[in-house]
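Reviewing the structure listed below.
In each ligand, atom 1 is the first atom listed, and ligand 1 is the first ligand listed.
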Amino acid sequence: MSAMKKKNFGFATTAIHAGQEADPLTGSVTVPIYATSTYVQEEIGKNKGYEYSRVSNPTRTRLEENLAALEGGRTAHVFASGMAAINALCTMLRSGDHIVCGHNVYGGVPRLFNQILSNFGLQFTYVDTTNLAAVEKSIRGNTKFVFIESPTNPLMALTDIAAVARLAHRRGAELVVDNTFMSPYFQRPISLGADLVVHSTTKFLNGHSDGLGGVIVATKPEHAEKFAFVQKSAGAILSPFECWLVLRGVKTLAVRMIQHEINGQAVAKYLESNSKVKEVFYPGLPDHPQHELAKRQMSGFGSMITFELGSLKNAQKMLRKVRICSLGESLGGVETLISHPATMTHAALGEKGRKAIGLTDGMVRISVGVEDSDDIIEDLDEALKAI
Ligand SMILES: Cc1ncc(COP(=O)(O)O)c(C=O)c1O
């Protein structure tokens, strides 16, 4: 929309209008789903800008415009899942290149790195990225990326994004931030110095637990060229229908995040007050060790909370009893999802790997949804009585 290009609109307006212009052909207020594999060409070498849907598709173009605007990036490229996006990101590298990766990221990331990409000569070092000296020490001459999640999954530890960006840049590496947990509504890593942002759009961006997707938001022209080439060549692109689901989802991102945050705060305070809960990990609580950093680099604290119940047995007892909170992997949907990281999202790390990052069998992670917070709290209260 030309008006969108002329002025800096607020976040909610950008989410609803950037890339989401009315259809020029019919006036349809929503972006049409271009369910087509190919495009009729007028003559050899003459087309309307689209040739084949692996290369580009108008619904996808609209979503990519939207997500680039929301993260404040130059371009965005969407892929079939968050993991497909992270895999595509790594195709920027060559055999012998090195990645410094946060030691407490989504378990699927080290699985991809250690069990697939290391077979192609990429090298990885895992480090506690909350510790700047440790990050600095792990950067080598061949380090191309520092890859972080902030807050981490599931321990909710923060990394100082601006400080790590400065460190990485000084040593010739780029900073990649997985911003899935916060969404651009609460955290904008590019404004803090990140070079690349990735998301599992499956989570808050889509927000309705009805489609998978991933995105790489980039800041440099050479990134844009590379990721468009990877979409065309490797083909793990997001389908037009799933692009449309995300376009639909982001229209309510701002209002959803506001409610997620209200509910997240209420649930965190409740959990803190329950004697069965040994510890609550939520950056919005004043006693979170990085609460000040959270206030500085995020504009809200979101709705991801982890809490410690002391043992696998206690976690099992509690998780058997929840009714409103649904036991399941994933996060960021309107419905409250509750999970057991040690046996679900982080099973692939193995017992030793989990111990190394402080992830215990008694930890439960909750993605607080936008139901009535009293109902969520009552459900948790009843379930915790089982311990
Ligand atoms: C922080 C984070 N990044 C990436 C992923 C991978 O995304 P996807 O499941 O869409 O492949 C997940 C999945 O849970 C995640 O939580």
Side-chain angles (χ1 to χ4, degrees), residues 63 67 71 76-90 99 101-117 126 129 145 147-159 161 176-187 189 194 196-217 234 236-239 242-243 245-246 249-250 260 281 283 298 302-306 326-333 335 337-349 357 359 363-369:
L63 175 61
L67 296 181
E71 280 290 0
H77 289 86
V78 292
F79 295 88
S81 67
M83 289 316 303
I86 294 168
N87 187 53
L89 175 83
C90 294
I99 295 182
C101 180
H103 72 163
N104 169 212
V105 295
Y106 168 61
V109 174
R111 180 174 56 206
L112 169 73
F113 288 176
N114 298 342
Q115 296 184 45
I116 298 183
L117 298 181
Y126 297 92
T129 57
F145 291 152
F147 184 101
I148 66 168
E149 262 176 44
S150 184
T152 58
N153 182 357
L155 286 153
M156 304 307 294
L158 269 60
T159 291
I161 296 175
V176 183
V177 179
D178 183 333
N179 200 26
T180 300
F181 267 33
M182 281 298 112
S183 91
Y185 186 74
F186 284 136
Q187 179 167 274
L196 294 144
V197 171
V198 295
H199 279 270
S200 166
T201 65
T202 314
K203 317 298 191 225
F204 288 101
L205 288 173
N206 177 310
H208 295 76
S209 307
D210 51 13
L212 264 71
V215 64
I216 307 173
V217 182
I237 42 92
L238 195 62
S239 76
E242 281 177 311
C243 288
L245 285 176
V246 183
V250 293
H260 276 299
F281 302 83
M298 288 145 50
S303 66
M304 297 302 301
I305 305 168
T306 295
S326 306
L327 177 64
E329 300 207 12
S330 204
L331 58 110
E335 56 290 289
L337 284 172
I338 196 159
S339 69
H340 183 247
T343 56
M344 297 165 86
T345 47
H346 290 67
L349 283 189
I357 61 168
L359 200 168
M363 279 179 180
V364 170
R365 188 190 78 182
I366 183 166
S367 165
V368 181

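Val176 pairs with exactly one of Val198, Ile148, Ile99 by the side chain to side chain contact (heavy atoms under 4.5 Å, CB included) rule, that one being Val198.
Protein residues with a heavy atom closer than 4.0 Å to ligand 1 are Ser81, Gly82, Met83, Tyr106, Glu149, Asn153, Asp178, Thr180, Ser200, Thr202, Lys203, Gly213, Leu331, listed by chain and number.
Within the 4.5 Å cutoff, the side chain of Asn114 has heavy atoms near those of the Tyr126 side chain. With a 4.5 Å cut-off on side-chain heavy atoms, Thr345 and His340 do not count as touching.
Here NE2 of His199 is found 5.0 Å from CG of Leu205. Values are rounded to the nearest 0.5 Å. With values rounded to the nearest 0.5 angstrom, Phe204 atom CZ is found 11.0 Å from Asn179 atom CG.
When only modelled atom types and interatomic distance are considered, Glu335 and Ser209 share a side-chain donor-acceptor pair under 3.5 Å.
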